[in-house]
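To find a chain, count down the sequence lines: A is the first, B the second, and so on, and within it residues start at 1.
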Amino acid sequence: MLQLQAIRDKKDEITLALKKRNFEGESLLTNILELDENRRNTQTKLDTTLAESNKLSKQIGLLFKTGKADQAKELKEKTVALKEASKILAQKLADTAEELKALLYQIPNVPHNSVASGTSEEDNEEIFKEGEIPVLSSKAMPHWELAKKFDIIDFELGVKIAGAGFPVFKGKGARLQRALIAYFLDKNTEAGYTEMQVPHLVNEASGFGTGQLPDKEGQMYHVGEDDLYLIPTAEVPVTNLFRDNLLSEKELPICYTAYTPCFRREAGSYGAHVRGLNRLHQFDKVEIVRVEHPENSYNALNSMVEHIKNILRELKLPYRILRLCGGDLGFTAALTYDFEVFSTGQDRWLEISSVSNFETYQANRLKLRYKDENGKSQLAHTLNGSALALPRVLAAILENYQTEDGIRIPDVLVPYCGFDHISL
RNA sequence: GGAGAAAUGGCAGAGUGGUCGAAUGCGGCAGUCUUGAAAACUGUUGAGGGUCACACCUCCGGGGGUUCGAAUCCCUCUUUCUCCGCCA
């Protein structure tokens, strides 16, 4: 959520920047400022009432002690009216604050300067491209056919025990997946990220902390009986580790990596473009999360991008990087780079990583702060990215590495797999 | 699942109705001493709101109540610990 102070200071600037998302914030922001004014006025009134009441209470105490019960009784009566008044004011304050918060939740993050306006993914800018797109034989197949041919992923079996979008990985397919997870975690650890294992279910407060709630309520699986949510990404539990934290400046930056399965309802998705591994209800992902000093967060974002580039180079997969336009930018992000690999069997680009800087937007909800050199509390910046999402990387490997009689395993993965090809 | 105990600042831990935003210790920060460091000593050190700055207000696990006044009493929820049961 945006900081009130920022809205007070530069409302016009924010309004303008939000237009890049096609978000008309003018009236909402005006509304917020009015409510804020309102809130502060009520607060002041309540404070003076309480101050008066506190003062009288002290006097009453003294009077009782000195045996002047009559006078105390007189003062007591005075406090009754104050009590009434403070009760009403406190209620009004709470209502106003809640209303204010509800409005603040509706405003997405302010896009970074470099973000272009745009309405859909069509308007994303390609900023980098690297790697050879392999030329395959005419018999080349999409990964779902390869998976069937070599019996490494069984989609029907998953339907039987859970439903569509819950594949079962078999034999070398399962092993390859595990190899990728281990390889990603090792790469991330090498790059200075601390490996974490976190719960796969989170409470409501965590959902709010990173912004999945209330915005994307319908996209998460909810366990009603215990009021817990299945995580849609490791970002949620890992970032929420820092909820309500006041760090010291020298603890920054904090770099974590975590492997988790991710659960997404994907309500409303259908059609050929979600075939095979392209879009799933449950998939594996290795995530990197950073908590950064505001001055360093864009350097950090760049280094995350470089890190992911390195991994894709090692895997020898052709990829490109897009800078998301305003219209495609996630609700909480200020700047996002998407990585896409080219999946030759389908002849299309697949998103395999999304790297974002949230600046203070998440930190403000999380109350994640650090103490600066003057001892003042400041909101930290949070960032995260996939390094990497498994299914589409797997899809791209299967498709790009297919040969006449099998599938080669990328060199870097051979030690993790224990085999160098998949064949009949 | 049953029985009992507990939850206080970064941590440990006192405080059982007013003088308590809270003793003390550790840790942190600044300084003295030292070639430097350690030790020792001195000072300082919770968060949020509000204000130009003060004043002032709120916060002792969450919520509610009693009272002129609550960290302290009552209700409730959550969590933790101990014992018993069950169990990967």
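- Here, rA23(B) and rA5(B) have their C1' atoms 25 Å apart, quoted to the whole Å.
- Leu246(A) comes within 4.0 angstrom of sugar-phosphate atoms only, judged by non-hydrogen atoms across all strands, and of no base.
- Figure legend: Lys285(A) and Tyr259(A) shown without cation-pi pairing, the cationic atom not lying both under 6.0 angstrom from the six-membered ring centre and within 45 degrees of its axis.
- When heavy atoms are screened at a 4.0 angstrom cut-off, Lys250(A) is found touching the sugar-phosphate backbone but no base atom.
- Taking the side chain as every heavy atom from C-beta outward, Glu156(A) and Asp154(A) approach each other to under 4.5 Å.
- Shown here, rA70(B) forms no base pair; nothing in the strands shown gives a Watson-Crick or G-U wobble contact with both key distances under 3.5 Å.
- The partner of rC86(B), taking Watson-Crick or G-U wobble pairs whose two distances both stay under 3.5 Å, does not exist in any strand shown.
- Ser57(A) comes within 4.0 angstrom of a nucleotide base, judged by non-hydrogen atoms across all strands.
- Each of Arg369(A) and Ser53(A) was matched to the nucleotide of RNA chain B holding its nearest heavy atom; the match closer to the 5' end belongs to Arg369(A).
- A salt bridge links Lys309(A) with Glu306(A): the distance from a Lys NZ or Arg NE/NH1/NH2 to an Asp or Glu carboxylate oxygen falls below 4.0 Å.
- For the side-chain contact (heavy atoms from CB on, under 4.5 Å) criterion with Leu324(A), the lone passing option out of Leu335(A), Leu329(A), Asp123(A) is Leu329(A).
- Nucleotide rA30(B): paired with rU42(B) (Watson-Crick or G-U wobble, both distances less than 3.5 Å).
- Between Glu249(A) and Lys371(A) no salt bridge is recorded (no basic side-chain N to carboxylate O distance below 4.0 Å).
- The partner of rA55(B) cannot be assigned: no Watson-Crick or G-U wobble pair with both contacts below 3.5 Å exists in any strand.
- Rounded to whole Å, the separation between the C1' atoms of rG85(B) and rA47(B) comes to 43 Å.
- Taking the P atoms as reference points, rG9(B) lies 13 Å from rG46(B), given to the whole Å.
- The gap from the P atom of rA7(B) to that of rU58(B) amounts to 24 Å, rounded to the nearest Å.
- As rounded to the nearest Å, rG13(B) and rA22(B) have C1' atoms that lie 12 Å from one another.
- Pair assignment for rA7(B) gives rU78(B), based on Watson-Crick or G-U wobble hydrogen-bonding distances that are each under 3.5 Å.
- The main-chain N or O of Thr332(A) is found under 3.5 Å from a side-chain atom of Asn109(A) such that the two form a donor-acceptor pair.
- Pairing partner, rA14(B): none, since no Watson-Crick or wobble contact has both distances short of 3.5 Å.
- Using a 4.0 Å heavy-atom criterion, one finds that Lys45(A) contacts no nucleic acid atom at all.
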Pairs of donor and acceptor atoms involving the side chains of residues 27-36 of chain A, under 3.5 Å and at least two apart or interchain, shall be tabulated with distances.
| residue | atom | partner | partner atom | Å |
| --- | --- | --- | --- | --- |
| Thr30(A) | OG1 | Lys11(A) | NZ | 3.3 |
| Thr30(A) | OG1 | Glu26(A) | O | 2.8 |
| Asp36(A) | OD1 | Arg39(A) | NH1 | 2.9 |
| Asp36(A) | OD2 | Arg8(A) | NE | 2.8 |
| Asp36(A) | OD2 | Arg8(A) | NH2 | 3.0 |
| Asp36(A) | OD2 | Arg40(A) | NH2 | 3.4 |

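- Taking the six-membered ring where tryptophan is involved, the planes of Tyr221(A) and Phe263(A) are perpendicular, since the angle between them exceeds 60° and thus also 30°.
- Rounded to whole Å, the C1' atom of rC33(B) lies 12 Å from the corresponding atom of rA38(B).
- Comparing rA12(B) with rG31(B), their P atoms are spaced 30 Å from each other, to the whole Å.
- Using a 4.0 Å heavy-atom distance criterion, Leu56(A) is classed as making no nucleic acid contact.
- In this structure, rA23(B) forms no base pair with any nucleotide, since neither Watson-Crick nor G-U wobble geometry is met with both distances under 3.5 Å.
- For rG25(B) and rU78(B), the P atoms lie 39 Å apart once the distance is rounded to whole Å.
- Ranked by how close their nearest RNA chain B nucleotide is to the 5' end, Val80(A) and Gln43(A) are led by Gln43(A).
- Within 4.0 Å (heavy atoms only), Thr48(A) reaches no atom of the nucleic acid at all.
- Taking the 5' to 3' direction, RNA chain B first and last meets chain A under 4.0 angstrom from a heavy atom at rG18(B) to rG69(B).
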